[in-house]
Protein chains: 2
Amino acid sequence: MANIKEIARQAGVSVSTVSRVLNNHPYVSEEKRNRVMDTIKQLKYARNMNAVHLITGRTMNIAIMLPFVNHVYFSALMEGVGKGALSASYRLILCQTGYSQDKEREALDMLRNREVDGIVVLSSSISPSEIEAYCAYGPIVCCQDAGERQFSSVYINHTEAFRKAIRYLIRKGHRHIGFTVGRMDSPSTEARLIAYREMLEELGEPYRKEWILDRCLDIEDGAAIMERLFVMKERPSALLVTGDHVAAGLIYEAERRGVSIPEELAVIGFDNHPIGRMLGLTTIDNQLLQMGEMAFAILHEHIEGTQTAPVRHELDFELIERASV
Amino acid sequence: MANIKEIARQAGVSVSTVSRVLNNHPYVSEEKRNRVMDTIKQLKYARNMNAVHLITGRTMNIAIMLPFVNHVYFSALMEGVGKGALSASYRLILCQTGYSQDKEREALDMLRNREVDGIVVLSSSISPSEIEAYCAYGPIVCCQDAGERQFSSVYINHTEAFRKAIRYLIRKGHRHIGFTVGRMDSPSTEARLIAYREMLEELGEPYRKEWILDRCLDIEDGAAIMERLFVMKERPSALLVTGDHVAAGLIYEAERRGVSIPEELAVIGFDNHPIGRMLGLTTIDNQLLQMGEMAFAILHEHIEGTQTAPVRHELDFELIERASV
DNA sequence: TTGTAGGCGTTATCAC
DNA sequence: GTGATAACGCCTACAA
């Protein structure tokens, strides 16, 4: 494999001239530039980017840390990050963790090891303070609200969003409201619980543990909810479902069993995914695409040095009224 | 940022010894090893992997080229590739192309530039022969049948799979069969058309261009199919739908409009996605997860040098009978 | 406008 | 076991 030295020799110029041509520097005579380009083509020369990375200290790679690839929520976020990265000529290195803390640390280590210029954390199970320790090695942007930190974050206010959904249900006459979560110990679940307890107090309703349906992640989990509802002594009249896919499963199964929506069970989704639009699902648009794009945009500013202080960016959300409430 | 030289100085050893410790080489005395490890911890030393990549000529990165991230078909494949990569400690670099040929070439260029040790092509729009030109720079594995090539491929026989689905429909009494495709000019569409024309001839049915429904990629495209069917003078009694999500949209919309499935319209899907299981969709399991895993496995063998000749691996498929036919 | 030379941070080689 | 020293391939002062 030819290297820059070889090109220089064959073209009868110095390595610096070749390097200048390679990097589109000015101050190279047309004649030499052409001569260099010709031999590059002739010898099918290709730069060894690892050498470039070493000397420049930049890789144009950023890491994207997420638990699963095969999930609509993360796909949508990834799409957004990817869009931003693409237009800025950055590459995405996938760090699929499955919420393994070791894998998460490995991902962060890429920053220490100079393998990436920055990292976007879509979701993690290690603590924000542990993430914070990596800020010394390069910019980090999280897609979750982590409070005041040395790293940036882009997020929606889950408490507010949940509150809005709850108020909407109450306005529609509901008092018996349950909700689903992906996992009980996630930050967004915590944020939602705040709004939920607030509502219970306001309505004077008791906290019914069984109305908080854990481990609802995909469409089949949604379908399984109906079964769980049927065995309850007392059933909620409305359900806040954190994920349009989960809601889709629920709606499908409800129709199959002859439970009419919204009359017998009202449903509000989250994510505003196409599947929900098709089903007439009332949902909260949490701007996943924009969140991903924004995450990259901020990271990019940090990398470029345009922005050095950590940024906290709260995105808007929107209640989209359709026919499931 | 401390480097290996600094560690050597502070620990009172040579850089070679530090390097040996770093790489778990034998022939280092316990005493020096500990001394080195201590100073590494003390100075919070982290290797600059770019230097390692440069000298070793390997990056432990592989590129994964695909048009879209946010699509179930590619998510599933990606999950498979990622699984394999994870267990072999390889990283995935996402190359989202949107079927732009320039972007596809850029992805392949990563191989030339030594940024990756290999590349998995999930789907591309440039020709197999153009891909073949990159074989000189490193191993490539395609998830489509590209015929006899210098690169490896993992695929299912789409003609056979389609034939099987068609035979099944015929056995169930159908003669008027249409099908959907993602894009008209894809290799898999071509493969399917072979089986399709074969069937038409066998049944003595004419080729009806309108029964081949183009641009069906996601759930909403599926829902839109009903509208397209209604305006036809003559309607197919069965539809082969290339993607369970598309089929899901179709089924949902059919039910909404009171078209009973399978009585008035029989549907066979592809992919065996959870959504299809929920809907009772008869489908063909095309082993996406296994395909991804296999693609990585073969690539890995090429990288390791265990396998130098190109491999063509045809995966099995399976017709899963449920209730939509 | 061009070339020389030094350095980026490792690992590999070889001598001791 | 250990340590010099030469690569790896490129970029970039600095000098000319």
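Reminder, nothing fancy here: chain letters follow the sequence lines and each chain counts from 1.
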> How close or far is atom C1' of dC10(D) from atom NE2 of His25(A), stated in whole angstroms?
Replying inline: 12 Å
>> Need one value for Asn50(A): base, sugar-phosphate or nothing, where a base atom within 4.0 Å counts as base even if backbone is also close, heavy atoms only.
In response: nothing
> Centre of Tyr134(A)'s six-membered ring, under 6.0 Å away, within 45 degrees of the axis: is that where NZ or CZ of Arg105(A) sits?
Replying inline: no
> Is Ser16(B) side chain donor-acceptor paired with the dA4(D) base, going by distance under 3.5 Å alone?
Replying inline: yes
> Roughly, in whole Å, what's the span from OH in Tyr27(B) to P in dC16(C)?
Replying inline: 20 Å
>> Nearest heavy atom decides the nucleotide; on that basis, is Ala46(A) or Val28(B) closer to the 5' end of DNA chain D?
In response: Val28(B)
> Contact class for Ser19(A) (heavy atom, under 4.0 Å): base, sugar-phosphate, or nothing?
Replying inline: base
> Atom CD1 of Ile4(A) to atom P of dT4(C): distance rounded to whole Å?
Replying inline: 14 Å
>> Can you tell me which residue among Met294(B), His313(B), His302(B) is in a side chain to side chain contact (heavy atoms under 4.5 Å, CB included) with Ser152(B)?
In response: His302(B)
>> Tell me the interatomic distance from Arg9(A), atom CZ, to dT2(C), atom C1', rounded to whole angstroms.
In response: 19 Å
> Within this structure, what is the CG-to-P distance between Asn3(A) and dC8(D), rounded to whole angstrom?
Replying inline: 8 Å
> Between dG3(C), dC10(D), dG3(D), which one does the side chain of Ser14(B) approach most closely?
Replying inline: dG3(D)
> Which whole-number value in Å describes the distance from Ile55(B) CD1 to dA7(D) C1'?
Replying inline: 6 Å
>> Please pick, from dT2(D), dG9(C), dC10(D), the nucleotide with the shortest atom-to-atom distance to any side-chain atom of Leu54(B).
In response: dG9(C)
>> Rounded to whole Å, please give me the gap between NZ in Lys5(B) and C1' in dG6(C).
In response: 11 Å
> Which residue, Ala51(B) or Arg20(B), contacts DNA chain D at a nucleotide closer to its 5' end, judged by nearest heavy atom?
Replying inline: Arg20(B)
